[in-house]
Amino acid sequence: NGEKLSNYFSTKMEKLLTEGYNIEPFINFFRKILENPSENSRKSLFEFLDKNNSPITPDGYFIAFKRVRKDFMDIYTGTFDNSPGKECAVDRANVDSDINNTCSYGLHVAASSYLNNYASASGNKTIVVKVNPADVVAVPPDYNQQKMRVCKYLVLNEIKYENLTKDIK
């Protein structure tokens, strides 16, 4: 449709095709990212995925992480239940789309590498979330693009932070 592919996406697709892998997850991802109304969000999501090696699911979503309280409620407001299987959502209009605002309103998710910088207090839990590329609103450039604001995500499960690398492979 005339939209230029990011280097990340085209390089990844070419590599997967050359190595004989199934590219359907990336096709699904690309279809979903085209549903994102923000060109800036589409561009910065590709950069986030490239820098953070975030996994793409077979249905075209991507995997991110979040820290929550020991009762699975969000750390900041204590109003969002992040128990496994729950979907957290807010109206997209209620998420700050300005990438220059480091910390602002909206639902937050991050790359695994960001977890050392946020809410590592004893008792907090780390959860794995699944995000539709169409629901990404802002990827601030601070912290090397390791976090973002979204309007919706699905909580998959809790993961022990010390086992993170082992558990997601």
Side-chain angles (χ1 to χ4, degrees), residues 5-13 15 25-26 29-30 32-33 36-57 60-70 72-77 80 82 84 86-90 92 94-169:
L5 291 176
S6 77
N7 285 340
Y8 164 78
F9 189 78
S10 57
T11 302
K12 189 77 158 178
M13 290 284 285
K15 181 179 180 192
F26 281 88
F29 172 85
F30 190 67
K32 290 182 183 332
I33 202 170
N36 191 314
S38 167
E39 179 181 350
N40 189 47
S41 293
R42 292 190 302 269
K43 179 181 180 277
S44 54
L45 176 55
F46 282 126
E47 292 168 0
F48 173 91
L49 295 171
D50 186 28
K51 287 180 179 181
N52 299 297
N53 287 325
S54 298
I56 304 291
T57 64
Y61 288 59
F62 67 94
I63 299 298
F65 302 90
K66 183 171 182 70
R67 287 266 169 81
V68 295
R69 297 177 184 179
K70 62 184 173 184
F72 286 103
M73 300 305 281
D74 71 286
I75 290 173
Y76 186 70
T77 69
F80 287 94
N82 287 274
K86 295 282 187 176
E87 182 178 83
C88 294
V90 296
R92 186 181 184 98
N94 293 328
V95 180
D96 185 358
S97 61
D98 187 345
I99 64 168
N100 296 307
N101 293 334
T102 300
C103 296
S104 192
Y105 53 93
L107 300 174
H108 296 81
V109 300
S112 61
S113 53
Y114 181 74
L115 296 174
N116 283 331
N117 299 312
Y118 182 72
S120 56
S122 178
N124 286 339
K125 297 176 181 268
T126 302
I127 58 172
V128 180
V129 299
K130 181 175 160 179
V131 183
N132 184 332
D135 294 328
V136 173
V137 179
V139 183
D142 67 325
Y143 295 100
N144 201 24
Q145 294 179 306
Q146 294 178 335
K147 63 181 186 169
M148 66 176 65
R149 291 186 294 275
V150 300
C151 60
K152 186 187 319 182
Y153 59 81
L154 174 67
V155 179
L156 297 179
N157 58 359
E158 177 187 3
I159 190 167
K160 299 292 181 203
Y161 178 68
E162 56 274 5
N163 297 331
L164 183 63
T165 306
K166 178 179 76 175
D167 286 350
I168 63 170
K169 287 185 179 177

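From a predicted model like this one, the values you see are computed outputs, not experimental measurements.
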With a 4.5 Å heavy-atom cut-off, do Val129 and Leu156 have their side chains touching?
-> no
Euclidean distance, Ser112 OG relative to Asn53 CG, rounded to 0.5 Å = 9.0 Å
To the nearest 0.5 Å, tell me how far Met148 CE sits from Ser41 OG.
-> 9.0 Å
Is any side-chain heavy atom of Phe72 closer than 4.5 Å to a side-chain heavy atom of Ile127?
-> yes
Pairwise side-chain contact, Phe62 with Leu45, heavy-atom cut-off 4.5 Å (strictly under) | yes
Residue set satisfying side chain to side chain donor-acceptor pair (under 3.5 Å) with Glu47, at least two apart, ordered chain then number -> Lys43, Gln145
Could you grab the distance from atom NZ of Lys66 to atom OH of Tyr114, nearest 0.5 Å is fine?
-> 10.5 Å
Minimum side-chain heavy-atom gap Leu107-Asp135 below 4.5 Å | no
Can you run down the salt bridge (Lys or Arg N to Asp or Glu O under 4.0 Å) pairs that involve residues 136-147, sequence neighbours left out, and say none if there aren't any?
-> Asp142-Lys147
Residue Lys152 excluded, over 12 heavy atoms near NZ under 6.0 Å = no
Nearest atoms (heavy-atom pairs only) where Val150 meets Val131 | CG1-CG1, 4.0 Å
Close side-chain approach of Pro141 to Ile99, heavy-atom, < 4.5 Å | yes
Are any of the side-chain heavy atoms of Val109 and Phe65 separated by less than 4.5 Å?
-> no
Can you list the residues that meet the side chain to side chain contact (heavy atoms under 4.5 Å, CB included) rule with Ser97, with sequence neighbours excluded?
-> Val137
Any chance OH of Tyr76 has more than 12 other-residue heavy atoms, nucleotides or ligands included, within less than 6.0 Å?
-> no
Under the side chain to side chain contact (heavy atoms under 4.5 Å, CB included) rule, collect the residues that match up with Thr57, sequence neighbours excluded.
-> Asp59, Tyr61, Ile63, Lys130
Closest heavy-atom pair and its distance - Ala134, Pro37 | O-CD, 4.3 Å
Are any side-chain N or O atoms of Arg67 and backbone N or O atoms of Leu115, one a donor and one an acceptor, separated by less than 3.5 Å?
-> yes
Got a sec, which residues hit side chain to side chain contact (heavy atoms under 4.5 Å, CB included) with Asn52, two or more places apart in sequence or on another chain?
-> Phe48, Ser54, Ala111, Ser113, Gln146
Taking the side chain as C-beta and beyond, is there a heavy-atom pair between Asn36 and Arg92 under 4.5 Å?
-> yes
Those residues that, when tested against Ser104, pass side chain to side chain contact (heavy atoms under 4.5 Å, CB included) (two or more places apart) | Asp96, Asn101, Arg149
Heavy-atom check, side chain of Phe29 versus side chain of Pro133, under 4.5 Å = yes
Short question: side chain of Asn82, backbone of Phe80 - any donor-acceptor pair under 3.5 Å?
-> yes
